[in-house]
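First up is the structure itself, then whatever we jot down about it.
Along the sequence shown, residues are numbered consecutively beginning with 1.
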Amino acid sequence: MMKKVFKILGVFICVVGLIIFVKVSQNLIYSATSLTCLESKLEDSLHFGQALAITDKYIAVGDPEVNRVAIYGYNQSEKKWSRTREIYPPKNSIIDQVGSGFGKYLIFNHNQLIIGAFSDFVPSNFDEDTKNKYNYRGFVYSLQLEKDNQNPLKEINIPDQINPTGYAVKVFDNKIALETTVGRDYRKKPDKVLIVDPTTLKVESIIKPPILPTKRGNFGNSIAGNTRSLAISASDLPTKGGVYLVNEEGELETISISKILPTEKTEGFGSPVALGDDFLAIYSGGWDISIFKRFSDKWREIYSADLFGFRSLHADESQLLVSATGYPMDFDGWTKIPNHLLIDVQDDRAFIKSTIRWHWGIYFGRPKAEGAINSKYLLLSRNGKIVLLKKNYIPRNYVINRLFCKEK
């Protein structure tokens with residue numbers, strides 16, 4: 001009898017060991033063939049990767065703590081990504097004098113990189129008039145990336161008395177969309193979205209909210225774009241939240257998609273928001289994100305998830321990348337929830353394709369996870385580290401181990 005028990009126990013241990021071996025091998029094989037750690041430098045801060053953007057030819061990584069954006073190019077002959085250029089704010093500009101805030105937000109429009117900057121404070125040696133003018137001030141810049149890599153950085157022309165936040169910058173229909181705030185203080189609610197010509201860098205139109213029966217506000221607390229439409233979230237719609245869709249002709253469509261929520265949960269409704277080819281993803285109160293698709297003329301929720309501390313949503317075609325902080329670390333160093341979710345949106349449903357965790361030290365007080373997505377890659381960051389993952393063969397559950405990249 002005892003021999004039989006030991007035999008069964010031995011078989012069980014072998015099976016468990018085999019499962020563990022397969023899981024570990026799968027991660028190691030994937031890491032060896034499909035994971036790239038981008039080069040970092042000793043002078044990069046732990047905020048290196050707070051903003052990310054990617055095309056097939058370029059990668060941009062923001063490091064607002066040290067006022068720098070790093071550019072990576074893909075070398076076809078060597079088949080690898082290399083750090084080719086570093087971008088700084090214009091000399092003697094407010095952001096240059098403040099010393100931080102450049103590279104808060106990044107997005108590509110083909111080979112044009114749009115860089116958002118934000119002055120959280122002004123140095124004490126500034127006079128009072130300058131402090132009042134530039135405290136909590138946003139700036140947006142444009143850079144054309146070409147082979148010679150020598151094109152100058154240009155500031156986007158913003159009308160007086162309009163303050164871009166430097167956080168919400170999107171591209172739609174080959175145009176640049178900027179969120180702006182009321183007055184000079186970023187803590188004021190946004191109230192309009194500027195549409196900027198990508199060539200002249202001048203504002204060609206201003207999108208304002210329609211007249212609503214309730215107090216207007218938070219129009220554009222998050223924006224998202226694709227080739228056809230611009231999504232503008234608004235938490236102060238009469239129905240406690242919704243989204244406006246703007247088409248190429250500038251027509252505004254109101255979409256009321258909110259749930260019945262306690263009042264305290266509607267303040268940040270709609271921030272962030274992401275727009276895929278045929279779906280809309282949005283923060284819908286509490287820790288919830290919701291994915292909606294249009295059926296005939298009606299938008300219907302097809303997916304909902306409750307995630308602790310998520311910070312960003314990014315969409316590409318039929319996929320959504322969610323990046324989150326995760327719960328505090330356990331003693332063994334493993335997070336309880338993923339730092340990133342890759343979600344596939346198909347027909348009338350959505351499902352998680354991959355959950356991704358960073359197994360990389362203790363994160364208390366450190367920068368949160370961030371991500372960007374295109375048709376081929378996931379670009380992910382945390383704690384000053386950047387990894388590039390090929391999407392095609394990512395395991396269902398994947399751990400980014402600290403052994404995969406060198407420490408600074």
Side-chain angles (χ1 to χ4, degrees), residues 23 26-28 30-31 34-38 40 46-54 59-62 105-107 222 224 271-276 279 281-283 287-291 303-330 333-345 350-363 366-405:
K23 290 287 186 183
Q26 184 184 31
N27 278 272
L28 291 176
Y30 177 84
S31 300
S34 301
L35 181 144
T36 299
C37 298
L38 293 190
S40 60
L46 290 174
H47 291 264
F48 182 66
Q50 182 176 330
L52 302 168
I54 182 171
I59 288 173
V61 179
Y105 196 88
L106 302 169
I107 193 167
S222 184
S271 182
V273 64
L275 193 61
F279 73 88
I282 193 167
Y283 165 63
W287 297 114
D288 293 350
I289 62 168
S290 297
I291 297 176
Y303 181 87
S304 180
D306 186 354
L307 297 176
F308 181 85
F310 80 91
R311 61 165 282 142
S312 69
L313 301 175
H314 296 278
D316 177 76
E317 298 176 346
S318 62
Q319 291 188 315
L320 176 71
L321 175 64
V322 182
S323 297
T325 63
Y327 284 106
M329 301 294 289
D330 289 335
W334 293 78
T335 55
K336 295 181 180 178
I337 69 168
N339 300 116
H340 310 274
L341 290 180
L342 180 61
I343 298 175
D344 272 352
V345 181
F351 60 91
I352 297 174
K353 182 177 181 180
S354 183
T355 61
I356 302 168
R357 294 172 173 83
W358 287 79
H359 187 192
W360 207 303
I362 298 176
Y363 300 132
R366 299 292 179 85
K368 303 174 180 63
E370 186 53 274
I373 182 173
N374 71 356
S375 59
K376 295 181 181 178
Y377 297 105
L378 298 182
L379 182 64
L380 309 177
S381 71
R382 188 165 193 184
N383 207 33
K385 296 294 183 182
I386 317 290
V387 296
L388 189 67
L389 307 181
K390 291 182 180 178
K391 291 197 308 185
N392 288 348
Y393 305 106
I394 297 179
R396 178 67 175 79
N397 295 289
Y398 182 62
V399 175
I400 303 171
N401 197 294
R402 67 187 305 158
L403 299 177
F404 300 158
C405 300

So which atom in [X] and which in [Y] form the shortest heavy-atom distance, rounded to 0.1 Å?
{"X": "A350", "Y": "Y303", "value": "O-CD1, 3.6 Å"}
{"X": "A281", "Y": "I291", "value": "CB-CG1, 4.2 Å"}
{"X": "I373", "Y": "H314", "value": "CG2-O, 3.8 Å"}
{"X": "A274", "Y": "L320", "value": "CB-CD1, 3.9 Å"}
{"X": "I107", "Y": "Y105", "value": "CB-CE2, 4.1 Å"}
{"X": "I356", "Y": "L389", "value": "CD1-CD1, 4.0 Å"}

Donor-acceptor contact below 3.5 Å, side chain K385 vs main chain G49 = no

Partners passing side-chain hydrogen bond (donor to acceptor under 3.5 Å, both in side chains) against S354 (at least two apart in sequence or in another chain) | none

For H340, enumerate each residue passing the side-chain hydrogen bond (donor to acceptor under 3.5 Å, both in side chains) test, keeping only those at least two apart in sequence or located in another chain.
-> S323, W358

Working to the nearest 0.5 Å, report the span between [atom1] of [X] and [atom2] of [Y].
{"X": "S381", "Y": "N339", "atom1": "OG", "atom2": "CG", "result": "10.5 Å"}
{"X": "T355", "Y": "I394", "atom1": "OG1", "atom2": "CD1", "result": "10.5 Å"}
{"X": "L35", "Y": "L378", "atom1": "CG", "atom2": "CG", "result": "10.5 Å"}
{"X": "F48", "Y": "L38", "atom1": "CZ", "atom2": "CG", "result": "7.0 Å"}
{"X": "L341", "Y": "Q319", "atom1": "CG", "atom2": "CD", "result": "12.5 Å"}
{"X": "I59", "Y": "L52", "atom1": "CD1", "atom2": "CG", "result": "9.0 Å"}

Note, R357 side chain near Y398 side chain (heavy atom, < 4.5 Å) | no

Can you check side-chain contact (heavy atoms from CB on, under 4.5 Å) on N374 and K391, steps first, answer last?
-> CA-CA 9 Å; N374 71 356; K391 291 197 308 185; 5.6 Å; no

Pick out which of T36, I54, V387 makes a side chain to side chain contact (heavy atoms under 4.5 Å, CB included) with L379.
-> I54

Short side-chain donor-acceptor distance under 3.5 Å, S312 and E370 | yes

Flag yes if more than 12 heavy atoms outside K376 fall under 6.0 Å of its NZ atom; otherwise flag no.
-> no

